[in-house]
Structures are given as structure tokens and as C-alpha cells.
Amino acid sequence: MPLQTSALALGSASSKLFTTSDSIAFCNNGNKSCLLNHINFSRHSHKSHCKRRCSVYASSRVSDTQHSGLVQDSAASAEALQDARRSADWKVAKAYSDSGLIYEGMVEGYNGGGLLIKFHSLVGFLPFPQLSPSHFCKERGKGLQEIAKGLPGSLISMKVIQADEENKKLIFSEKEAVWSKFSEQISVGDVFEARVGSMEDYGAFVHLRFPDGLYHLTGLVHVSEVSWDLVQDIRDILTEGDDVRVKIINIDREKSRITLSIKQLEEDPLLETLDKVIPQDGSVDPDSLSTSTSTSNDIEPLPGLASILEELVQEDGIDDVRISRQGFEKRVVSQDLQLWLSNSPAINRKFTLLARAGRQVQEIQLTTTLDQEGIKKALQHVLERVP
């Protein structure tokens with residue numbers, strides 16, 4: 001009996017410690033069923049534990065799959081919302097383009113060709129040539145890139161000039177917005193202080209300064225409107241950055257174009273008085289002219305003059321053209337042939353025209369019904385036809 005009690009006590013202790021060696025030792029003392037029960041319990045416990053682990057793992061996989069699906073659905077939903085917003089913003093941009101409304105846009109950045117403009121969820125482009133001239137004239141001497149560096153973060157009034165959703169082109173123009181505001185303040189005949197911008201073979205682009213001190217609009221001075229003299233190369237007369245005075249001679253509001261003239265602010269040499277060369281009373285000024293004894297029939301026209309006179313007599317209102325006298329100046333005005341009109345009105349339908357080349361001067365009398373302005377226009381028509 002004491003032995004059994006001891007065995008029971010040990011069995012009780014071994015069940016607490018629950019080690020394999022203790023169970024085997026205990027069973028070797030005569031209780032084989034205990035070992036079998038322990039083995040069965042151990043197997044049952046392992047299977048139960050595996051089932052729980054598999055159940056947790058399976059549950060975890062289901063949870064991860066569900067979470068991944070929710071994330072994907074959320075991302076797809078967000079992308080769909082962004083696409084819808086962008087599409088709506090393209091429609092807004094198209095409405096701005098069609099209506100011509102002015103948009104206040106913020107400059108996001110710049111690149112080699114222009115500025116990047118924020119338009120709601122879109123980013124558009126404002127090319128440098130579409131900037132207002134005020135930027136270049138305000139920071140004189142700075143290049144495009146230097147000017148662009150200071151523009152990010154600033155607001156600019158502009159118009160949408162292209163909104164093409166299919167090709168993803170959103171183009172802005174500050175020039176067009178400025179034209180809408182300031183073109184109503186100008187008229188033909190107005191005179192402006194201006195600054196010369198870029199130049200081409202056909203003329204110079206000149207920026208007009210407004211009362212606020214800024215240069216808002218740009219016009220073209222054609223090479224023929226730079227000087228009354230013949231200009232072969234406009235760069236011989238003007239330089240970029242020159243300050244000049246210009247007169248507006250034409251405004252094309254449909255095409256947003258301004259035509260300017262520099263020479264029309266100067267007196268037309270064709271209307272210079274001839275009294276300094278050949279006095280109107282027929283006398284001779286010895287300081288300026290020595291007359292020849294040739295009669296009008298003997299006078300040979302200056303080179304190029306004969307064809308001009310032949311064409312001139314074909315003009316309406318001009319009945320006769322003839323060289324009345326000639327002389328030689330002591331100074332050379334120009335080697336090229338020049339034609340000068342008298343400021344004096346016609347007397348007995350006779351009007352005086354002067355031809356000059358080098359030191360030689362020839363006086364021409366026109367028999368005409370035209371006034372001074374009419375004779376000038378007739379001469380301009382002839383000079384356009386004669387090479």
C-alpha cells in the first residue's frame with residue numbers, strides 16, 4: 001500500500017510537470033495505461049492546437065484578402081474621381097477659351113519655353129512670346145530665364161487660347177488679356193513714348209508706354225515708316241532697347257495688331273520749302289545755287305528723272321510736266337535722286353517740284369488742278385510704279 005500511495009503521489013506530481021521522461025518513468029513502475037493516456041492526450045492536444053493555428057491562419061488570409069480588395073477599390077475610386085474632376089476642368093477651360101473670359105492664374109514654375117500655369121486640377125502652358133511686354137521693359141537687360149525665375153507664385157491675368165483635352169494641350173496668353181483691357185484706350189493718331197523690342201528685316205516691334213508707366217501693348221513699325229530716307233537695314237537706324245516716339249497709324253482690332261510710324265512725327269521732306277534753294281520770285285541765292293544758261297529744252301533730266309516725269313503726266317489732274325531750269329549747289333545734299341515739293345500753293349495752276357542729286361538741282365513745273373496733298377499722292381503712286 002505505501003508503494004501505491006507513493007506511485008499515486010508521483011503520478012500526481014508528474015501530471016503537473018507534464019514531461020515525457022517523467023511519464024515513461026512512471027509507467028515503468030507498473031502503470032502502462034497512464035503512458036497510453038498521456039500519448040493520446042498529447043496527440044489530441046497537438047491536433048487541437050494545429051486546428052486552432054490553421055483556423056487563425058485561414059482567418060488571417062481572408063482578412064488580408066478583404067483588406068487588399070478594399071485598398072484596391074479605394075484606389076480605383078480615387079482615380080475615377082480624379083479623372084472625373086480633370087474632365088470637368090477641361091470643360092471649364094474650353095468654356096474660357098470660347099467665351100474669351102480672363103482667368104487669374106498662378107505661375108507654378110517655368111521651363112525653357114514658357115511658364116507653367118495652375119488651372120484647377122490641370123497644369124497649362126504660357127509660352128514666353130505670349131507674355132505682356134511689361135515684364136521685359138520693367139526689368140531692362142534681363143533675359144527670359146532671369147525674368148521667369150521671379151514669376152513662380154505670382155498671379156497673372158491671361159486668356160485660354162487653346163483647350164484640347166484629347167491632345168492634352170492647355171495654352172494661355174497674357175498678351176490677349178492685356179489687349180482686351182488696353183486696346184480700348186488707343187486710337188489712330190495717338191502719339192506714345194515707346195521702347196524698341198525685337199527687330200526683323202521688315203520692321204521693328206515697339207512697346208507702347210501707358211500713363212501707369214508700364215508697357216502694355218506692342219505695335220509694328222514697318223521699315224518704310226522708320227524714316228523719310230530710304231532704309232536698307234532697319235538695324236542701321238534702331239537698336240533693341242531704344243526709346244522712341246511713335247504715332248499710331250492703324251489698328252486692326254480683329255487681329256489685335258497695331259501699326260506705328262516714327263517718320264510721320266517728322267516733317268515730310270517733300271513738303272520742305274524750296275526757297276532755300278530756288279527762291280519763289282525766280283531770283284538766285286548766290287550762297288546756295290549757281291544757275292546755268294541752259295534753256296528748258298536743252299536740260300537733260302537727272303538720272304532716273306525722265307521716267308518719273310513720263311509717269312507723272314499720266315496721273316489724273318496733271319496736264320503738263322517740264323523742267324524749267326537747273327543749277328548747281330555748292331554743297332552735296334545727297335548723291336541719290338530726291339524730289340521736293342514746294343510749300344507754296346499753286347499759282348495759275350502752276351506748281352513747283354524740285355529734283356536734286358549730288359550738287360545738281362533741277363526745277364520742274366507742273367500744270368495741275370491738284371492741291372499740294374493731291375500732288376504728293378500722285379508722286380507716291382508714280383514712285384511705286386517706277387523701279
Side-chain angles (χ1 to χ4, degrees), residues 93-119 122-164 169-188 190 192-200 202-222 240-244 246 248-260:
K94 187 67 166 61
Y96 268 97
S97 176
D98 293 342
S99 65
L101 290 174
I102 293 176
Y103 172 72
E104 295 289 333
M106 178 171 288
V107 180
E108 288 266 298
Y110 66 95
N111 57 29
L115 305 179
L116 304 178
I117 307 298
K118 181 73 173 176
F119 187 86
L122 309 175
V123 176
F125 186 63
L126 196 159
F128 284 137
Q130 292 297 329
L131 278 174
S132 164
S134 60
H135 298 287
F136 312 109
C137 296
K138 181 171 59 179
E139 303 187 68
R140 198 169 181 174
K142 281 191 175 182
L144 286 173
Q145 294 296 316
E146 289 182 279
I147 293 171
K149 283 180 182 178
L151 293 178
S154 61
L155 286 173
I156 293 180
S157 298
M158 61 192 76
K159 282 190 176 185
V160 178
I161 58 175
Q162 185 178 3
D164 185 349
K169 286 185 178 181
L170 181 57
I171 310 299
F172 297 94
S173 172
E174 184 186 18
K175 272 186 177 179
E176 291 295 325
V178 170
W179 173 267
S180 297
K181 181 177 180 179
F182 291 95
S183 62
E184 298 302 321
Q185 302 179 23
I186 62 174
S187 302
V188 172
D190 288 349
F192 278 83
E193 299 295 328
R195 183 166 293 168
V196 178
S198 61
M199 287 183 290
E200 304 292 341
Y202 53 83
F205 290 96
V206 178
H207 310 310
L208 306 181
R209 185 163 67 87
F210 281 72
D212 62 2
L214 298 178
Y215 299 79
H216 294 295
L217 299 179
T218 301
L220 174 68
V221 179
H222 191 268
E240 186 173 345
D242 285 351
D243 291 322
V244 295
V246 294
I248 297 177
I249 59 175
N250 187 56
I251 302 173
D252 187 337
R253 299 191 184 277
E254 289 186 3
K255 296 182 178 179
S256 305
R257 291 178 181 174
I258 305 171
T259 307
L260 306 169

> Does Phe172 have its ring centroid less than 6.0 Å away from the ring centroid of Phe125?
Replying inline: no

>> Among residues at least two apart in sequence or on other chains, which ones pass side chain to side chain donor-acceptor pair (under 3.5 Å) with Gln130?
In response: Ser173

>> I need the full list of salt bridge (Lys or Arg N to Asp or Glu O under 4.0 Å) pairs touching residues 100-119, with sequence neighbours left out, sorted by first then second residue.
In response: none

> Which heavy-atom pair separates Pro152 from Gly109 by the least distance, and what is that distance?
Replying inline: CG-CA, 4.2 Å

> Rounded to the nearest 0.5 Å, how far does CG of Leu170 lie from CD1 of Ile117?
Replying inline: 9.5 Å

> Hey, what do you get for CD1 (Ile251) to CZ (Arg253), rounding to the nearest 0.5 Å?
Replying inline: 4.5 Å

>> Test of understanding: with salt bridge (Lys or Arg N to Asp or Glu O under 4.0 Å), list the residues that count as partners of Glu240, not counting sequence neighbours.
In response: none

>> Closer than 3.5 angstrom, by distance alone: can the side chain of Ser183 be matched with the main-chain N or O of Trp179 as a donor-acceptor pair?
In response: yes

> How many angstroms lie between atom CZ of Phe182 and atom OG of Ser134, to the nearest 0.5 angstrom?
Replying inline: 8.5 Å

> Do Tyr110 and Phe128 have their ring centres less than 6.0 Å from each other?
Replying inline: no

>> Can you tell me how far apart CD1 (Ile249) and CG (Asp190) are? Round to the nearest 0.5 Å.
In response: 13.0 Å

>> Using the side chain to side chain contact (heavy atoms under 4.5 Å, CB included) criterion, which residues pair with Ile147? Sequence neighbours excluded.
In response: His135, Phe136, Glu139, Lys142, Leu151

> Asp98: what forms a side chain to side chain contact (heavy atoms under 4.5 Å, CB included) with it, not counting sequence neighbours?
Replying inline: Lys94

Exercise answer: donor-acceptor pairs, residues 213-220 side-chain atoms, under 3.5 Å, sequence neighbours excluded:
from: Tyr215; atom 1: OH; to: Arg195; atom 2: NH2; distance (Å): 3.3
from: His216; atom 1: NE2; to: Asp212; atom 2: OD1; distance (Å): 3.3
from: His216; atom 1: NE2; to: Asp212; atom 2: OD2; distance (Å): 2.7
from: Thr218; atom 1: OG1; to: His207; atom 2: ND1; distance (Å): 2.8

> Between CG of Asn250 and CG of Leu260, what distance do you get to the nearest 0.5 Å?
Replying inline: 10.0 Å

> In Å and rounded to the nearest 0.5 Å, what is the NZ to CG distance from Lys175 to Leu126?
Replying inline: 10.5 Å

